[in-house]
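Each chain gets a letter, A, B and so on, in the order its sequence line appears, and its residues count up from 1. Only heavy atoms go into these numbers, but all of them, side chains included; no hydrogens, no water, no symmetry mates. Treat the numbers as computed from the prediction; the structure is a model and nothing was measured.
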Amino acid sequence: MCIGIPGRIIKIDGRMATVDVGGAMRNIALDLIEDASPGDYIIAHAGFAIHKVDEEEAIKTLNMIREITGSVEDYDAAF
Amino acid sequence: MKHVDEYRDSALARVLVDGIRQVADRPFKFMEVCGSHTVAIFKSGIRDLLPRNISLISGPGCPVCVTSVEDIDKAAAIAGMDGVVLATFGDMVRVPGSRVSLQKAKADGADVRVVYSPFDALKLAQSDPSRKVVFLAAGFETTSPAVAATLGRAIEAGVKNFLLLSVHKTIPGAMRALLDTPELGLDGFICPGHVSTIIGTAPYRFIADEYRRAAVVSGFEPLDILQSTLMLIEQIREGRPSVEIQYRRAVSEEGNPVARGVLGRYFEASDANWRGIGVIPGSGLKLKTEYAAYDAERVLDIKIGESRETRGCICGMVLKGIKNPPECRLFGKACTPETPVGACMVSFEGSCAAYYKYGAR
Amino acid sequence: MMRELIEELFLPALKGECACLGSDDSAVLSLAEFSGGRLALTTDTYVVSPVFFPGGNIGDLAVNGTVNDLSMAGARPLYLTAGFVVEEGFPVADLAKILDSMKKAADRADVMIVAGDTKVVEHGKADGIFINTAGAGMVPAGLDITARGLKPGDVLIVSGTIGDHGMAVLSKREGLDFESDIKSDSAPLNGLVADMIAAGDINALRDPTRGGLASTLVEFASESGVGIVIDESSLPVREPVRGACEILGLDPLYVANEGKLVASVPRAAAKTVLAAMRKNAVGRESTIIGEVVAEPAGKVLMKTIIGGTRLVDMLSGEQLPRIC
């Protein structure tokens, strides 16, 4: 029901951030999250960041899928 | 795109599907509550890949679809008032009311604007203080904090011409109503990802504790949904119904307390009328009394006639997952995406529209 | 006022080599050199909002669009007419800019604007400016290209990335604005079509404008009574277009293009046609996206990225940005 798109914070100006989604830039409000900094990935919904993407968990999830699929190589942060 | 493309790998998808096939030793019926999941499932062709004994059925998780006829009638009445601009999210404008949709009201001269963010509606209000901008606020827990934060900014900036018509709804109550529908026979839920980003997992605990059904909070990419399906089957096979999170990169057990704090400052629970389902106690959000000055229902004199839902439309049963869209006698005949009768055909992610568009089996 | 507008702005801006755009009420043209061919005629009205967008404006769009409509019938576009409906108060400087880009677009496509008409309407009766262009071209004898010519065994080629025009326009719409380097792909396709015809057999052509690639493919399938299978992973979409579509919840498959074509080409000719397309500047990113099959007739299927299959349907109504 709720489209949320991961994008990278390029810069922060007060409570607004410029967020890069595949090269399209949108101003996203930061009222709903704490401790965001440039470089962070956030999930944006309806013009607001609702979550900071947890990079460690992202890697763990992918590794878990790889484990199920029997692939041994680790999915590291280098992607 | 990072955090997107990794989850669209065809080789991994194939192995996950094989994994599902190996453990799916009996029919399983899961509901994806969230409309964005429905769209992702259809768009990626997951239904076509899964073994036939796994059925994924679509739930009521499209805020556009569940907006009641009465609420659309109110919005259309507001849009027709002098000196008023009605702003709302894209596909709300096509939802049929008793007489007109907002799109039709616009064609008849009402000032209806489509915005991407409630923030854009606030900007409209600031750019033209001579007119009232009413934001038709639809959406579940993902969206309502954004609306609350926007209201906070309006108050802070001393904007007086920004009003809300809140038709917000909350999800867990609707899921309980579904579990209380015995003919549905669900084995578990693919729980909404971004709603859970805000509310965390505690509100779903009753699913496992009281109803002994499986629940997994899932992401929206194909690998996310396949992995979640596998996790659901494993919960059931191992006899340990619980609430698990597959979508860990965006969801934690505690959710987003900052967002809930902002929401709680301005809104409180109310009963809500779900299109096709009826009133679910405590499943809506209304502005608190101290913010009455921003509440369109209290500020404006909204007059509507008697609202009525379309006869013959089985949206209610489709939203509850009891019937599939093609079982409706209007489906694909009187009711198409071009001339929607029921709300499920209106939104891109409505079950009927998704079935129609992607030619579901 | 109107007289001045025409004499001081329109005529100098649009007049080409040919002396026919003038004060006479009709352009009188010779088609003698095309004996044996057939005349192709088309007309289209442009109401794009905003009028100026990254990569173009309503003026070059109106020229390219009509040039392309002629080109899709295999015609060599020759002459255009232009009708303008201008809202009172529309800045003259903007009008001059639009006319200038029309002239440049006509020169680029090697066509002449030979007749024109202008009406100024009261404020509020139009949205800035509307332009109608009609076009005439000649189809060489023996050439028969339609949207109904698809045959099982054909391959489908798209001449470059999809969704650029629609997202460029949307990026400037009030309430949806986002920054990107997305530019409209507005371009004349007659040169590309000429190169393709010279290279090999073409069974069908169409430019996927409103409704995007999906709508064109569905029209292809239903008009030719064939099935189409496309491969999702082969669809060329520029990264920022994808990003912007993700933000707004849109599908690039349904987003408008103004400088792209889809061709259905016999498999045997595919390689040479594709090579010829890639040599042309507007077809550099041409690529094969799928094939034509006998069954299911009238339907378009997509092999998804993860290996599933689904139906591709026509767009119903305008694609609206969605939160959900």
Side-chain angles (χ1 to χ4, degrees), chain A residues 1-9 14-17 19-24 26-36 39-73 75-79, chain B residues 1-7 9 11-12 14-16 18-19 33-37 61-64 89 115-120 139-143 145-150 152-153 171 192-195 197-198 219-220 223-224 226-227 230 246-252 256 258-259 262 349:
Chain A
M1 60 204 76
C2 306
I3 292 181
I5 298 305
R8 196 164 62 94
I9 298 180
R15 279 178 297 172
M16 296 304 284
V19 173
D20 177 348
V21 180
R26 228 287 174 181
N27 280 335
I28 297 293
L30 298 175
D31 304 41
L32 304 176
I33 60 168
E34 284 171 334
D35 310 323
D40 287 345
Y41 276 80
I42 53 96
I43 305 271
H45 170 77
F48 284 76
I50 57 167
H51 189 82
K52 240 168 76 174
V53 176
D54 190 325
E55 301 268 347
E56 253 174 62
E57 291 292 351
I59 292 164
K60 273 196 222 161
T61 301
L62 283 166
N63 278 337
M64 208 150 67
I65 294 173
R66 300 221 152 194
E67 254 169 56
I68 297 167
T69 62
S71 163
V72 282
E73 87 189 271
Y75 205 83
D76 59 31
F79 51 82
Chain B
M1 261 180 281
K2 191 177 166 184
H3 297 303
V4 173
D5 293 335
E6 305 92 295
Y7 303 90
D9 182 302
L12 293 183
R14 227 173 358 252
V15 189
L16 278 173
D18 283 345
V33 181
C34 168
S36 295
H37 278 143
C62 159
V64 172
F89 296 125
V115 292
Y116 161 70
S117 164
F119 212 70
D120 299 328
F140 296 119
E141 290 92 329
T142 321
T143 315
V147 172
T150 304
R153 294 239 194 158
I171 279 289
H194 294 135
V195 161
T197 299
I198 305 293
F220 295 90
L223 293 192
D224 289 323
L226 289 172
Q227 191 188 16
L230 190 58
Q246 179 277 336
Y247 194 28
R248 289 239 166 237
R249 61 189 185 279
V251 178
S252 64
N256 180 342
V258 177
V262 174
E349 69 169 26

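- For the atom pair CZ (B:R249) and CD (A:E55), the distance works out to 11.0 Å, reported to the nearest 0.5 Å.
- Here CD1 of A:I50 is found 11.5 Å from CD of B:E141. Values are rounded to the nearest 0.5 Å.
- Heavy atoms closer than 4.5 Å to chain B are found in the side chain of A:I43, but not in its backbone.
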What verdict does the side chain to side chain contact (heavy atoms under 4.5 Å, CB included) test give for A:I33 and B:N256, after you've listed the backbone C-alpha separation in whole Å, the side-chain angles of each residue and the deciding distance to 0.1 Å?
CA-CA 8 Å; A:I33 60 168; B:N256 180 342; 4.1 Å; yes
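- Atom-to-atom distance recorded for A:M64:CE and B:L223:CG is 12.0 Å, nearest 0.5 angstrom.
- Looking at B:R153, the atoms closer than 4.5 Å to chain A (heavy atoms on both sides) all sit in the side chain, from C-beta outward.
- Of the two parts of A:R15, the backbone and the side chain both hold a non-hydrogen atom closer than 4.5 Å to a non-hydrogen atom of chain B.
- Chosen from B:R14, B:R248, B:H194, the residue pairing most often with chain A at heavy-atom distances under 4.5 Å is B:H194.
- The contact between B:L230 and chain A is made entirely by side chain atoms (from C-beta outward), counting heavy-atom distances below 4.5 Å.
- Neither the backbone nor the side chain of A:K60 has a heavy atom closer than 4.5 Å to any heavy atom of chain B.
- Only the backbone of B:V251 comes within contact range of chain A, judged by heavy atoms closer than 4.5 Å.
- Here A:H51 pairs with nothing under the side-chain hydrogen bond (donor to acceptor under 3.5 Å, both in side chains) rule; sequence neighbours left out.
- Rounding to the nearest 0.5 angstrom, the gap separating the CZ atom in A:R66 from the CG atom in B:L12 is 5.0 Å.
- Taking A:D54 as the reference, nothing meets the salt bridge (charged side-chain N to carboxylate O under 4.0 Å, His left out) condition, with sequence neighbours excluded.
- Counting heavy atoms from C-beta outward, B:Y7 and A:L62 have side chains that approach closer than 4.5 Å.
- Top candidate by heavy-atom pairs under 4.5 Å with chain A, chosen from B:G193, B:P145, B:S252, is B:P145.
- Between atom CD1 of residue A:I65 and atom CG of residue B:L226 there is a gap of 8.5 Å, rounded to the nearest 0.5 Å.
- For the options B:M1, B:Q246, B:Q227, heavy-atom pairs under 4.5 Å to chain A are most numerous at B:Q227.
- Residue A:F48 forms a side chain to side chain contact (heavy atoms under 4.5 Å, CB included) with just one option from B:V147, B:T142, B:T150, and that option is B:T150.
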